[in-house]
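Along the sequence shown, residues carry numbers from 1. What you are looking at is a predicted structure, and each value in this text was computed from that prediction instead of being measured.
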Amino acid sequence: MTDRIDMLVEGQKYMVARALAMILSAIGTILFANVLGAGGLGEFYIYIVVAALCIKPASGVAVAVERAVSDHTTTDDGTSVSTGLLIGLLLGCVVAAVGWLLYRGTFSAGIHDYWIPVEQQLLLIALVPSWSLYEVASRAFSGAGHPGDSTIIDATRGGIETVVQIVLVVWGLGVTGLLAGATLTTAAFVPIYLSRGAVTIATPSLSAGRRLLSFAKYSSVTRLAERVHRSGDVLLIGFFLGPAATGIYEVAIRALRYTKYVGRAIKRPLLVSVSQDAQTTTEAMRTLNKTGGYAGFASLLAIPLAVFYGEELLRLIYGSEFGDGAIILIAAGVYYTLLTHSEVLSEFLHGLDRPKLVTASIVTAALARVLVSILLLPTFGLYGIVGAMLCAELLRISILLYGVFISTTQQYVPTQVGYQLVGLCGAMSVGWVLTAVFPTTLISVSIGVVAVAAVYLVIVGLLDVVVRQTVHSTLSTTASYVSRR
């Protein structure tokens with residue numbers, strides 16, 4: 001049983017932790033892209049997507065554990081945690097074994113000729129159960145009333161993982177070094193969550209297992225469908241276009257993935273908060289309307305930057321071969337704007353114990369994205385992926401909005417998004433003028449990026465009183481600290 005959490009404090013912890021991890025991850029990606037090239041980087045991303053798909057059954061159990069621990073009516077937190085860890089480990093081992101047997105069988109039968117070095121096979125097999133345990137442990141700690149601290153630990157793990165990977169890649173291990181870094185750090189951080197005082201461990205029980213699996217049967221399908229929805233196109237690109245195209249696509253997508261962390265800072269505390277208020281939908285809806293509209297704040301800003309300066313930035317930062325990903329960069333800005341709002345709505349419905357609605361939305365969107373990708377990708381290449389990803393996410397968010405309405409009998413109308421769209425129009429206008437007047441140089445691109453971002457932030461700050469008060473409070477706190485120094 002957990003105490004009520006402060007969503008603002010937990011969200012701030014999330015943003016600080018993610019900002020630090022983001023810096024290290026960005027440095028690592030730039031280094032990996034320049035050292036391994038699009039082909040090597042693409043291979044690693046394909047492996048990670050495969051592992052991420054394999055851990056989704058355990059991920060659903062992890063969500064069930066988090067909800068059980070955060071529920072004020074639960075008195076067996078320790079039993080739920082230990083049972084969830086045992087189920088997660090078993091699921092991870094079984095799925096890893098089945099996946100390896102399928103790979104070897106299809107290779108031996110000549111269905112494909114993609115050979116993975118033995119050492120990389122072993123690392124992938126070890127990564128799946130390690131990652132499964134990590135999911136359960138981190139969710140348990142978050143559900144115990146520490147979503148912000150959970151994120152700090154996760155960000156620390158991500159930062160250390162990047163450092164280890166950089167060392168191993170520089171050492172000459174290439175893709176194997178990237179996999180080794182991910183596997184070792186993930187396994188090493190599982191006991192860190194469990195050793196924290198907030199997480200209680202007790203003897204596993206069949207009754208706790210039944211409760212967790214009852215919720216997880218929907219949540220696991222949801223998490224699997226979410227991963228297929230978000231990353232299934234990586235496997236399709238790898239199959240139809242090869243690892244190099246996968247590397248270009250993933251670099252462009254990952255260049256903007258940090259914009260979704262504003263939404264992530266909202267959604268995890270939102271699930272815990274709504275779970276605590278699950279019997280008062282009016283209060284839960286008030287929380288959603290107060291915070292949900294800021295989910296796509298950073299993603300909207302990325303759109304004008306990608307439209308006017310995307311290709312130049314990709315070539316400059318990652319290498320000339322990555323410039324072809326400019327169209328993906330633009331689509332990623334729109335996609336992450338929709339995705340962040342979808343994730344917030346999904347966590348809201350999970351907190352209200354409406355997992356069926358979330359499952360329906362993500363399964364429908366995942367199927368639509370895969371089918372449209374298969375139809376368009378062979379003919380239109382990466383452009384086909386753009387159409388598939390945007391259509392599917394629009395479908396998903398439409399279903400979720402309907403789900404919120406029928407669950408609360410209230411419409412979700414975030415007024416903050418209107419202010420952000422006005423800022424987007426202003427930023428697009430400034431970007432259009434600057435690119436029309438000045439030739440493309442390093443100096444003009446640098447000035448343009450700063451100007452576009454500044455116009456967006458100023459306009460939103462002037463229109464949105466919450467943003468304005470937050471900026472004023474931050475500046476006042478900073479000034480007070482500096483004066484004391």
Side-chain angles (χ1 to χ4, degrees), residues 63 218-219 221-233 253 256-271 274 281 284-285 287-303 306 328 330-373 385-424:
V63 175
Y218 296 109
S219 188
V221 173
T222 301
R223 299 295 163 174
L224 177 61
E226 282 179 345
R227 177 55 67 174
V228 172
H229 176 57
R230 292 201 309 266
S231 305
D233 41 16
I253 287 290
L256 296 186
R257 70 175 179 172
Y258 309 109
T259 62
K260 69 184 179 183
Y261 288 141
V262 176
R264 293 274 175 94
I266 296 171
K267 76 168 192 173
R268 184 68 71 83
L270 180 66
L271 182 143
V274 172
T281 55
M285 198 65 192
T287 301
L288 176 63
N289 282 318
K290 182 179 179 180
T291 60
Y294 296 103
F297 178 83
S299 305
L300 276 173
L301 171 58
I303 295 174
I328 299 297
I330 297 171
V334 180
Y335 168 69
Y336 280 132
T337 300
L338 298 171
L339 175 68
T340 50
H341 285 284
S342 294
E343 289 185 338
V344 166
L345 295 176
S346 294
E347 294 298 281
F348 177 78
L349 290 172
H350 271 306
L352 293 178
D353 197 15
R354 304 291 194 276
K356 292 182 182 180
L357 292 169
V358 180
T359 300
S361 70
I362 192 62
V363 169
T364 303
L367 289 174
R369 184 165 179 173
V370 170
L371 290 175
V372 176
S373 295
I385 287 292
V386 169
M389 64 193 292
L390 296 182
C391 288
E393 198 57 45
L394 281 170
L395 178 61
R396 180 191 178 194
I397 197 171
S398 299
I399 296 174
L400 289 170
L401 287 170
Y402 174 73
V404 170
F405 177 73
I406 65 173
S407 298
T408 64
T409 66
Q410 301 178 57
Q411 288 187 338
Y412 173 52
V413 185
T415 56
Q416 306 95 326
V417 175
Y419 303 144
Q420 295 160 22
L421 290 175
V422 174
L424 173 65

> Do L349 and S407 come close enough that some side-chain heavy atom pair is under 4.5 Å?
yes
> Which pair of non-hydrogen atoms, one from I399 and one from S361, has the smallest distance, and what is that distance?
CG2-CB, 3.6 Å
> Please check this pair: side chain of T259 against backbone of L256, looking for a donor-acceptor N/O pair closer than 3.5 Å.
yes
> Are H341 and Y294 close enough that some pair of their side-chain heavy atoms sits under 4.5 Å apart?
no
> Is there side-chain contact between L288 and L345, with heavy atoms separated by less than 4.5 Å?
yes
> Report yes if some heavy atom in the side chain of F405 is under 4.5 Å from a heavy atom in the side chain of Q410; otherwise report no.
no
> Scan T408, V358, T291 and name whichever one has a side-chain contact (heavy atoms from CB on, under 4.5 Å) with F348.
T408
> Check whether any side-chain heavy atom of P414 sits under 4.5 Å from a side-chain heavy atom of Y412, and report yes or no.
yes
> R369 side chain to L367 main-chain N or O, any donor-acceptor pair under 3.5 Å?
no
> About how many Å separate OG of S342 and CG of L400, when rounded to the nearest 0.5 Å?
5.5 Å
> Just how far is it from atom CG of D233 to atom CE of M389, taken to the nearest 0.5 Å?
6.5 Å
> Rounded at 0.5 Å granularity, tell me how far CD1 in I385 sits from OG in S373.
4.0 Å
> Below 4.5 Å, heavy atoms only, C-beta onward: do L390 and V334 meet side chain to side chain?
yes
